[in-house]
Amino acid sequence: MVGSEGTLGFVSRVTYNTVPDLPFKASAFLIFHDIEEACDATSALKANTSVDAVEIFDRRSLTQCERMGELPKLCPEITRLPEDGEGAALLIECRGEDEAALKAAIDEVLIALRNSKVPVASQVGYNEEAFRHDPKEYNVFWDARKGLIPIVGGARETGTSMLLEDVACSTEKLGKMSKDLIAIFRKWGYHDACLMGHALEGNLHLIFNQVRGPSPSTFRLTRAPALLGPSKRKPLHLPPCSKPTSLRTPLADPHLPTIVELQDA
């Protein structure tokens, strides 16, 4: 570990507690009309089950996923969500050592979801048919999850940079935090921004594209302190680089974070 003040320490030994790769798996991709409802369903699963994975997609993420031909075929409800709405999806995975253990895990998840009384937009509802056992089908869901960040980056406009940040909270507060983040993105004009990530752990990835150079987006990013965190206002020390760069501070407001922008000379 090396910081600006020198070597801070080193790692002499690492122990990994790994998760067993159980042979029997099934995944469900459930659509919800509202992201807060999806988060409420996640809280129910967190509190009442030993579910293996729960991943969340907001409406902007699902818009990108619609371009993956197989996913809308398996989950046609995606295309019926309002484009400017706050719909969402949960990708839920259960695993087991054998078919009996897998069935028990799925039953536990379905009972918790039914008891939660959270409405679901998927036509299959909270029934066993929601879970796909064929790897060709459930891998479509996971390919969408794993490929979403590159998909968003590949769809960005020329001259923009993709920014990826992580935020986290307790699972029971995830719905309100998600709504607040969506409101911030809308307020400051980040209409292609996405929320997705590990709902079960209350961890979200924020993906948004930023225009480089003098533009209205420089103003937006500087004026959105909630996305940036507190500014330490320390001098910026840059390592040697192959291309010459110039530094520019877009706005100097003592009440807002200072942003230093790198531009190719």
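Because the structure is predicted, anything quoted here is derived from the model rather than measured.
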Residues in side-chain contact (heavy atoms from CB on, under 4.5 Å) with [X], at least two apart?
X      : answer
Arg186 : Arg60, Glu86, Ile182
Asp166 : Asn203, His205
Pro119 : Glu37
Ala26  : Leu102, Ile106, Phe131, His133

Non-hydrogen atoms of [X] and [Y] that approach each other most closely:
X     : Y      : value
Arg59 : Gly85  : CB-O, 3.7 Å
Ile31 : Ala89  : CD1-CB, 3.7 Å
Val51 : Cys94  : CG2-SG, 4.4 Å
Ser61 : Cys194 : OG-CB, 3.5 Å
Ala38 : Ile56  : CB-CD1, 4.2 Å
Cys65 : Pro72  : O-CD, 4.2 Å

Give a yes or no on whether the backbone of [Y] and the side-chain of [X] come within a donor-acceptor separation of less than 3.5 Å.
X      : Y      : result
Thr171 : Ser43  : no
Thr42  : Leu200 : no
Asn127 : Val124 : yes
Arg132 : Leu74  : yes

With [X] via side chain to side chain donor-acceptor pair (under 3.5 Å) - residues at least two apart:
X      : answer
Asp192 : Asn209
Glu97  : none
Lys173 : none
Asp52  : none

Any side-chain heavy-atom pair of [X] and [Y] under 4.5 Å:
X      : Y      : result
Leu113 : Val118 : no
Leu62  : Leu71  : no
Leu206 : Val167 : yes
Leu174 : Glu36  : no

Run Lys46 and Glu201 through salt bridge (Lys or Arg N to Asp or Glu O under 4.0 Å) and show every step you take. CA-CA 9 Å; Lys46 178 83 170 180; Glu201 308 305 328; 3.4 Å; yes

Nearest 0.5 Å please: distance from the CG atom of Asp180 over to the CZ atom of Phe185.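 These two atoms lie 12.0 Å from each other.
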
Distance from Leu181 atom CG to Tyr190 atom OH, nearest 0.5 Å?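 OH of Tyr190 is found 13.5 Å from CG of Leu181.
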
Just wondering, are more than 12 heavy atoms of other shown residues or ligands nearer than 6.0 Å to CD in Glu99?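 Atom CD in Glu99 is not packed in, count stays at 12 or less.
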
Is it the case that more than 12 heavy atoms not belonging to Lys103 sit under 6.0 Å from its NZ atom?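 No, NZ of Lys103 has 12 or fewer neighbouring heavy atoms, counting only those of other groups under 6.0 Å.
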
Run the side-chain donor-acceptor check on residues 144-153: report pairs under 3.5 Å with partners two or more places apart or on a different chain.
from, atom 1, to, atom 2, distance (Å)
Arg145, NE, Glu55, OE1, 2.6
Arg145, NH2, Glu55, OE1, 3.1

Residue pairs passing the side chain to side chain donor-acceptor pair (under 3.5 Å) test where at least one lies in residues 108-126, sequence neighbours excluded: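 Checked against side chain to side chain donor-acceptor pair (under 3.5 Å) - neighbours excluded - the pairs reaching residues 108-126 are Ser50-Glu108.
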
How would you list all residue pairs meeting side chain to side chain donor-acceptor pair (under 3.5 Å) that involve residues 17-31, not counting sequence neighbours?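 Pairs touching residues 17-31 that pass the test: Asp21-Lys25, Ser27-Glu93, Ser27-Trp142.
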
Can you name the residues that form a ring pair (Phe, Tyr, Trp, His ring centres under 6.0 Å) with Phe32, not counting sequence neighbours?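 Expected list: none.
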
